[in-house]
Participant: 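Can you keep this structure in mind? I'll have questions shortly.
Not measured: the values here are computed from a predicted model. Naming: A, B, ... by sequence-line order, numbering from 1 per chain. FYI, side chains are in, hydrogens and waters are out, and symmetry mates aren't considered; it's all heavy atoms of this structure.
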Amino acid sequence: MLQVNYIRENREKVLERLGVRNFKQPELVDEIIKLDEERRQTQTSLDNLSAIANANAKQVGELMRSGKKEEAEAIKAETTSNKEHIKTLSEQLNVAEQHLYNALVQLPNLPGELVPAGATPEENEVVLTHGAPAELHGKALPHWELTSKYDIIDFELGTKITGAGFPVYKGKGARLQRALINFFLDRATEQGYREMQVPLMINEASGFGTGQLPDKEGQMYHSTVDNLFLIPTAEVPVTNLYRDVILKEEELPVKNTAYTPCFRREAGSYGAHVRGLNRLHQFDKVELVQVVHPDKSYEVLEEMSAYVQSLLKDLGLHFRVLRLCGGDMGFTSAMTYDMEVWSAAQQRWLEVSSVSNFESFQTNRLKLRFKGNGGKTQLAHTLNGSALALPRIVAAILENYQTEDGIIIPEVLVKYTGFDRID
RNA sequence: GGAGGGAUGCCUGAGUGGCCGAAAGGAACAGUUUGCUAAACUGUCGUACUGGCAACGGUACCGAGGGUUCGAAUCCCUCUUCCUCCGCCA
């Protein structure tokens, strides 16, 4: 959520940046400015009336103490009518704040300076490409055939237990997945991230904090009796650890990592693009979250991007890095890099990581601030990134490392898996 | 699930209707003293909204939301949460 003060003082700039995003309702900006004006007027009137009421109450107390009962009664009578006004004004204030809030939450984050304008994924900018497509033997298979050939992931069995999109990992498939999780967590720890284990269910306040609520509740599984949601990403619980927190400046940057399963309802389409591991309702992911000084957030974005790339290099995968255009970025992001690995058998790029700088968009809602020595408290910046999302990495490994007589395990993983091939 | 007791500022903790945005101590920060460290002393020391060029004001907040009252940290109701005991249980 953007800060009202900023919108009020930078109207032109806000409109210009929203243009980069191809935002469809620029009129919202002026509406917000108008609603804010109403809110402030109401606030001022209410404050003035309250000041009178407070002064009167104080006077009554003094009069009572000095025994001047009649004078006290007179003031009491006066205040009664004042109270009515205060009540209606504070109701008006609530309404005004609600209207302002409702409008504010509809405004997406402003794209950073480097973000290319654009509306569709075709307008994303390819920042770099690393490696070359793996050379496969003639009978190369897509991963959903490899998984059944070697009996390592069972989609039908998951359907029996739950439904489509909930695979069962078996034997070496399960161990490969666990190996990757451990590899990612160990590497993150080496990079200075603190490993966390967090709840997999979140309440409404947490959903609001990171921007899943309002409006995007449809993407999450909802336990209605308890009003709790299954997490769509570890970003939600890990970032919300710092909701309503004022950090000391020297505590920055805060670097946390967490492995969690993630749950996404997303209305399923069918076909090759969502086949096999390409899109699931439940999947595993190791996530990185940083809370940083506002001056550092773009530097840290580059650092996180480089780190994610190093993982892909270690796994020997052919990948590319995209800087998303304004229209393809998430609602809360100011700048996003997507990492995509080449799926040799499917002949297409698969997104395996998304690294974003949210600037103060989340921290404004979270009330996550920091305070320097003698300095003013101000909003921190947050960033996060997947490092990495498991299923498509597994898919890419299976497809790119397949040979006629088995799948070779990338060397860095062997000490985690305990075996060097699946056959 | 049952019974009881709590929730106050960075921390500990006082405060049962007005003089309380809140005592006291500690921590932290700044300064004085000091050969250095320590100690001592002095000062600063919540957040947000809002008025004002500023100086300096106003308002709200003592877990959250309602209520009683001229006036609520203090009384009443609901909720959340923590602790103790009992029951159940991975």
Participant: Rounded to the nearest Å, what distance is computed from the NZ atom of residue Lys58(A) to the C1' atom of nucleotide rU69(B)?
Facilitator: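 Nearest whole value for this atom pair: 18 Å.
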Participant: In chain order, what residues pass the side-chain contact (heavy atoms from CB on, under 4.5 Å) check against Leu15(A), with sequence neighbours excluded?
Facilitator: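 side-chain contact (heavy atoms from CB on, under 4.5 Å) list for Leu15(A), sorted by chain: Arg11(A), Pro26(A), Val29(A).
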Participant: Once side-chain contact (heavy atoms from CB on, under 4.5 Å) is applied, do any residues pair with Pro116(A), and if so which ones, sequence neighbours excluded?
Facilitator: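 side-chain contact (heavy atoms from CB on, under 4.5 Å) check on Pro116(A) returns Glu125(A), Arg323(A), Cys325(A).
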Participant: Say you draw a straight line from CG of Leu35(A) to OH of Tyr101(A); how long is it, rounded to the nearest 0.5 Å?
Facilitator: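 Leu35(A) atom CG to Tyr101(A) atom OH measures 14.5 Å (nearest 0.5 Å).
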Participant: With sequence neighbours left out, what residues match Leu141(A) under side-chain contact (heavy atoms from CB on, under 4.5 Å)?
Facilitator: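 Scan of Leu141(A) (side-chain contact (heavy atoms from CB on, under 4.5 Å), adjacent residues dropped) gives Glu145(A), Leu146(A), Lys149(A), Gln402(A).
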Participant: Are more than 12 heavy atoms from other residues, nucleotides or ligands located less than 6.0 Å from atom NZ of Lys296(A)?
Facilitator: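 Not buried by this count: 12 neighbours or fewer within 6.0 Å.
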Participant: Expressed as a whole number of angstroms, how long is the span from Tyr6(A):OH to rC49(B):C1'?
Facilitator: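 So the two atoms are 21 Å apart, to the nearest Å.
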Participant: Can you measure from CZ (Phe263(A)) to CD (Gln282(A)) and round to the nearest 0.5 angstrom?
Facilitator: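 So the gap between those two atoms works out to 4.0 Å.
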Participant: How long is the line joining NZ of Lys248(A) and P of rC11(B), in whole Å?
Facilitator: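 Going from NZ in Lys248(A) over to P in rC11(B) covers 11 Å.
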Participant: How many Å lie between NZ on Lys371(A) and C1' on rU47(B), as a whole number?
Facilitator: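 Spelled out: NZ on Lys371(A) to C1' on rU47(B) is 9 Å.
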Participant: Could you tell me which residues satisfy side-chain contact (heavy atoms from CB on, under 4.5 Å) with Thr224(A), sequence neighbours excluded, listed by chain and number?
Facilitator: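 By the side-chain contact (heavy atoms from CB on, under 4.5 Å) rule, Thr224(A) matches His222(A).
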Participant: If I take atom NZ in residue Lys367(A) and atom P in nucleotide rG46(B), what distance separates them, rounded to the nearest angstrom?
Facilitator: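 Lys367(A) atom NZ is separated from rG46(B) atom P by 20 Å.
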Participant: Just the rounded figure in Å: distance from C1' of rU50(B) to CG of Leu89(A).
Facilitator: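 In whole Å, rU50(B) C1' lies 14 Å from Leu89(A) CG.
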Participant: Any salt bridge (Lys or Arg N to Asp or Glu O under 4.0 Å) involving residues 227-244 of chain A? Give me the pairs, sequence neighbours left out, ordered by first then second residue.
Facilitator: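 Residue pairs passing salt bridge (Lys or Arg N to Asp or Glu O under 4.0 Å), neighbours aside: none found.
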Participant: Could you work out the separation of rA48(B) and rC10(B) based on their P atoms and round it to a whole Å?
Facilitator: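 These two P atoms come out 11 Å apart once rounded.
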Participant: Would you be so kind as to tabulate the donor-acceptor pairs closer than 3.5 Å made by side chains of residues 386-393 of chain A, with sequence neighbours excluded?
Facilitator:
| unit_1 | atom_1 | unit_2 | atom_2 | d |
| --- | --- | --- | --- | --- |
| Ser386(A) | OG | Ser354(A) | N | 3.0 |
| Arg392(A) | NE | Asn278(A) | O | 2.8 |
| Arg392(A) | NH1 | Glu351(A) | O | 2.7 |
| Arg392(A) | NH2 | Asn278(A) | O | 2.8 |

Participant: Starting at the 5' end of nucleotides 55-68 of chain B, put B wherever the base has a protein heavy atom under 4.0 Å, S where only the sugar-phosphate does, and a dash everywhere else.
Facilitator: ---BSS--------
Participant: Rounding to an integer number of angstrom, what distance separates rG2(B) and rC62(B) when you compare their P atoms?
Facilitator: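 Comparing P positions in rG2(B) and rC62(B) gives a spacing of 30 Å.
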Participant: Taking only residues at least two apart or on different chains, which pairs with a member in residues 85-106 of chain A satisfy salt bridge (Lys or Arg N to Asp or Glu O under 4.0 Å)?
Facilitator: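 For residues 85-106 of chain A: none.
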Participant: Report the residue (Glu62(A) or Arg40(A)) whose heavy-atom-nearest nucleotide on RNA chain B is the more 5′ of the two.
Facilitator: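 With Glu62(A) and Arg40(A) compared, the 5'-side residue is Glu62(A).
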Participant: Do any side-chain atoms of residues 285-295 of chain A form donor-acceptor pairs under 3.5 angstrom with protein atoms, and if so which ones, sequence neighbours left out?
Facilitator:
| unit_1 | atom_1 | unit_2 | atom_2 | d |
| --- | --- | --- | --- | --- |
| Lys285(A) | NZ | Thr233(A) | OG1 | 2.9 |
| Lys285(A) | NZ | Glu287(A) | OE1 | 2.7 |
| Gln290(A) | NE2 | Tyr193(A) | OH | 2.9 |
| Gln290(A) | NE2 | Glu303(A) | OE2 | 3.3 |
| His293(A) | ND1 | Asp295(A) | N | 3.0 |

Participant: Could you run through RNA chain B and flag its stems, i.e. three or more consecutive Watson-Crick or G-U pairs with both distances under 3.5 Å?
Facilitator: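 Result, WC/G-U stems under 3.5 Å: B:1-7 with B:80-86, B:10-12 with B:24-26, B:28-32 with B:40-44, B:46-51 with B:56-61, B:63-67 with B:75-79.
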Participant: Find which nucleotide of RNA chain B each of Gly61(A) and Arg39(A) is nearest to by heavy atoms, and output the residue with the more 5' nucleotide.
Facilitator: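 Comparing both residues, the 5'-ward one is Gly61(A).
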Participant: Is the phosphate of rG46(B), meaning OP1 or OP2, less than 4.0 Å from a side-chain N or O of Thr377(A)?
Facilitator: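 Indeed not, no polar side-chain atom of Thr377(A) lies that close.
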Participant: May I have the distance from Leu228(A) (atom CG) to rU80(B) (atom P), rounded to whole angstrom?
Facilitator: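 It works out to 12 Å between those atoms.
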Participant: Tell me, please, which residues at least two apart from Ser297(A) pass side-chain hydrogen bond (donor to acceptor under 3.5 Å, both in side chains).
Facilitator: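 Applying side-chain hydrogen bond (donor to acceptor under 3.5 Å, both in side chains) to Ser297(A) gives Asn357(A), His381(A).
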Participant: Among the candidates rU47(B), rG71(B), rG51(B), find the nucleotide nearest to the side-chain atoms of Thr44(A).
Facilitator: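 Among rU47(B), rG71(B), rG51(B), the one nearest the side chain of Thr44(A) is rG51(B).
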Participant: Rounded to whole angstrom, note down the C1' distance from rC45(B) over to rA23(B).
Facilitator: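 My reading of the C1' atoms in rC45(B) and rA23(B) gives 16 Å.
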Participant: Let me know the distance between CD1 of Ile246(A) and P of rG9(B), rounded to the nearest Å.
Facilitator: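 One finds 13 Å between P of rG9(B) and CD1 of Ile246(A), rounded.
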Participant: Summarise protein proximity over nucleotides 72-78 of chain B in one line of letters, 5' to 3': B for base, S for sugar-phosphate only, - for none, counting protein heavy atoms closer than 4.0 Å.
Facilitator: -------
Participant: When rounded to the nearest Å, what value does the distance between C1' atoms of rU44(B) and rG9(B) take?
Facilitator: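 About 15 Å, rounded to a whole number of Å.
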